[in-house]
Peer 1: 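Attaching a single structure in structure tokens format; questions to follow.
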Amino acid sequence: MPKYDHLTIEPKWQAFWEEKQSFKTPESLSGPKYYVLDMFPYPSGSGLHVGHPEGYTATDIVARYKRANGFNVLHPMGWDAFGLPAEQFAIKTGTHPAITTAQNVANFKRQLKSLGFSYDWEREVNTTDPDYYKWTQWIFLQLYKKGLAYIAEVPVNWCPALGTVLANEEVIDGKSERGDHPVIRQPMSQWVLAITKYADRLIEDLELVDWPAGVKKKQVEWIGRSRGCDIVFSLPGRDETIRVFTTRPDTLFGATYMVLAPEHPLVDLLTPDEHKDAVKAYRDQAARKSDLDRTEKAKDKTGVPIGANAINPATGKEIPIWIADYVLMSYGTGAIMAVPGHDTRDWEFADRFEIPIVEVVSGGDVTKEAYIGDGLIVNSDFLNGLNVADAKEKMINWLEERGTGKAAINYKLRDWLFSRQRYWGEPFPIRFDEEGNHHALPEDQLPLLLPEVEDYSPPQGDDPQPTLNKATDWVNFKEDGKSWRYETNTMPQWAGSCWYYLRYIDPKNGDKAWDLEKEKYWMPVDLYIGGAEHAVLHLLYARFWHKVLYDAGLVSTKEPFTKLVNQGLITAQSYRGKDGYVHADLVDETKPGTFVNRETGEELEAQIEKMAKSKGNVVSPDVIVAQYGADSFRLYEMFMGPLEQSKPWNTQSIEGVRRFLERTWRLVLDTENDNLNAALVDGWGNDQQLIKEAHKTIKGVTGDIEGIRFNTAISKMMVLVNSLTKAKQKPRDIINRLLILLNPFAPHICEELWDRLGHDTPITAETWPTFEEELTKEELIQMVVQVNGKKRDTLEMAADTDKDSALAQAKALDKIAGYLDGAQIIKEIFVPGRLINFVVRK
RNA sequence: GGGGACGUAGCCCAACGGCAGAGGCACACGGCUUAGAACCGUGACAGUGUGGGUUCGAAUCCCACCGUCCCCA
């Protein structure tokens, strides 16, 4: 094997690592530890694309680096395998989702293994495995017992034409994805988790973690905590009242109407007969819209008056009550006081329906648009002359004294709707008695297995029903002479991913979800890498469960993930013609920048986009690994640019890193005859410059890995390899160290060369090299000498030259002296090792 | 519609506020070669999207605009 042949080397070392269990997690629970985690994938039918391994390569580099630095490393992988695609495939073909899932997992695993990742596969988890979801059910019971899981009537996407409940992904613009039938929102009994009880802690504890500022911000905004006031509006001639939440109690005098959500329970009661038809028609119409259509997308506000009034507690006047779909039942109390002068949506509504608009904060022109800003309060009796902030306080006090309102905090975050009407999810460990009361399933009956069904689509009929209702033999059972019924909703896909990082710690424990001692050692996750698309939901849900477990004494840390990094998207050029996307394989570049469809000759528009099957721009790692090898692939993905940044894939550029590996290969081996390179010499050699460069490289690469700057780390190793290529003598002590540095990035070739160099133990067992600080510094440096910020000369001097001496030397330079002659020096700037700048005035 | 990230050479990207260049792709030339490939060597190419501001000094900090991508969906 004279030449670098990845097809031989890579499988050889993968088999070696597997046989030797090189990456088995140490059992020891003492000494420094490092837990480095990937967001585990959903094993789809189409396999990995080159975007997946970007994050996995990054974590693998860190894992291998930390092992070499003496850490006990936990670096696991698993499968988030419940989910819609397998179920939809099952509905179409009748194949059990477990079978599809097993096939997809096998394919993903093959692909991951082909890339040489150092996962401890003994710790693999699969959320669909009963041994795993047993504990997902168990954690649900912990929430249930603490009163954090409750049943509520919540609307589902109900498609009468299909007679089935649809997932959000199956609804597009209010129509079913299949068949394009109308979808309405119909209430159904469902489990809800009380995440809002943790809202404040989910905000506050973000201070404890090292996460991208953008992710923290998104979480805070998602939780949407706002301070304001609950106000009670009384109804003339009735005992009932309407409670609203507002962040602007200062504008109460300007509230000229009220709006209830169409679903609001008081609507039926308050609507007089002559308005009932109009109200019913409007409610039916609103049920067909998603929340998004009702709020964000709505251009024209709609609504109808219900024919009843409420009393504004500030003015004492009656104001009309409307229903309108821009008010959601799920936010606040499902009712608002409308202040058209100072709220944009209220203004648009009032403008359209000719409802009076009253200015109560000065500074704008409320006849033209709502004025949101600060200003002095007007037309508001005892608030007049105050600014907005003071008026808020005074109004809250006034309302509290009169018992018609109080300060309140509201969240945009809703409690977590935890039921799905699907087959392929965790069954709830809940049973109902004959009276319909729910009870926890005894823990010794876990796991509650998914029953077999004949087909996997939800039952069709006149009412929404979960799929498991079809499993009638399973649903109803007798125990101790009583009739029972299992819960037939299943849990959402988020459930399994809320705690998988804990199961990795103790994945085979049959008695407990995890051992507390092991948890204490390994937690928290030190580094968590995954896509930015999980910035809110997955991370928020997992943090919520973690806090519940923390309160129960089951985990030892408040937060699960100490440092979070989002890898950037790997994008690729896609091509679009008048009939849609054309697969990249069918496109020719006839001249630079001109792309044509090879078959039709049509000129195509090229753009760089996220990879997607539908866009025909997906690149599979299988092809790249076969052609260039896993090492080149890993190296290229890291060399493309900063990890967090999105970067365009360009297969041609892999050539560069491949050549780098081939040059590294030739440092060690003679490609003509398979002997070691004759230029190899023992020790460090006698080229002082080269020795210095080696020390600098060790320092630089180490710092770059610590800072997750893999692209510049690779560049530094390329520099060293280029120097070694030029050097007449190739010192083994330098090459050995180079290989250890390169090993986390390109482990197969390093293991092979290490072996060829005659080492008895594998490079994966080696210790990270150290460097001498003294040898990383240059003795002589080039100083730039500027006058008024313009470079006028350079000056070579010892690196440790002090300011006075350096300035004196600079002034003595002929060119500089010319500029200083007859001028007044206002300022002398000395940047050690960099430059000198004289600021002068003539 | 809202939010975020990013605009540096033909392309991907480097550059604690201090001489715009680490590395790579592509390109050109030279060496090696019967020739080509591979390999080795050499070198040409930008003043940092635009306009302001702060500073002795701005690719870097601030403001506005333009463009691209991503997220909310």
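Proteins get letters first, then strands, A, B, ... in listed order; numbering begins at 1 in each.
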Peer 1: Heavy atoms under 4.0 Å, any strand shown: does A/V719 hit a base, just sugar-phosphate, or nothing?
Peer 2: sugar-phosphate

Peer 1: Base, sugar-phosphate or nothing for A/I608? Non-hydrogen atoms, less than 4.0 Å.
Peer 2: sugar-phosphate

Peer 1: Atom CD of A/Q782 and atom P of B/rC19: how far apart are they, to the nearest Å?
Peer 2: 13 Å

Peer 1: Between B/rG23 and B/rA15, how far is it from one P atom to the other, in whole Å?
Peer 2: 13 Å

Peer 1: How many Å lie between CD on A/E609 and P on B/rC6, as a whole number?
Peer 2: 21 Å

Peer 1: Would you indicate what A/E533 reaches in the nucleic acid, counting non-hydrogen atoms under 4.0 angstrom: base, sugar-phosphate, or nothing?
Peer 2: nothing

Peer 1: Between A/D38 and A/Y528, is there a side-chain donor-acceptor contact under 3.5 Å, judged purely by atom types and distance?
Peer 2: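 Looking only at side-chain atoms, A/D38 and A/Y528 do not form any donor-acceptor pair under 3.5 Å.
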
Peer 1: Using the P atom as the reference point in each nucleotide, state the distance between B/rC45 and B/rG51 in Å, no decimals.
Peer 2: 24 Å

Peer 1: Tell me whether the side-chain N or O atoms of A/Q786 pair up with the base of B/rG18 as donor and acceptor below 3.5 Å, since no angle test is needed here.
Peer 2: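 When only heavy-atom distances are counted, A/Q786 does reach the base of B/rG18 through a donor-acceptor pair under 3.5 Å.
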
Peer 1: In whole angstroms, how far is the P atom of B/rA14 from the CG atom of A/N711?
Peer 2: 5 Å

Peer 1: For A/L569, report the nucleic acid contact type (base, sugar-phosphate, nothing); a contact means any heavy atom under 4.0 Å.
Peer 2: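 Answer is sugar-phosphate: A/L569 comes under 4.0 Å of backbone atoms only.
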
Peer 1: If we take the C1' atom in both B/rG2 and B/rC61, what is their distance in whole Å?
Peer 2: 26 Å

Peer 1: Under 4.0 angstrom, heavy atoms only, what part of the nucleic acid is A/K647 near: base, sugar-phosphate, or nothing?
Peer 2: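 Sugar-phosphate: the residue A/K647, judged by heavy atoms under 4.0 Å, touches backbone atoms but no base.
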
Peer 1: Once you apply the 3.5 Å cut-off to both distances, tell me the Watson-Crick or G-U wobble partner of B/rU54, or none.
Peer 2: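 When the pairing criteria are applied, nothing turns out to pair with B/rU54, so the answer is none.
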
Peer 1: When you match A/N837 and A/K716 each to their closest nucleotide on RNA chain B, which lands nearer the 5' end?
Peer 2: A/K716

Peer 1: Are A/N410 and A/S226 close enough that a side-chain donor and a side-chain acceptor fall under 3.5 Å?
Peer 2: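 No, no side-chain donor-acceptor pair sits under 3.5 Å.
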
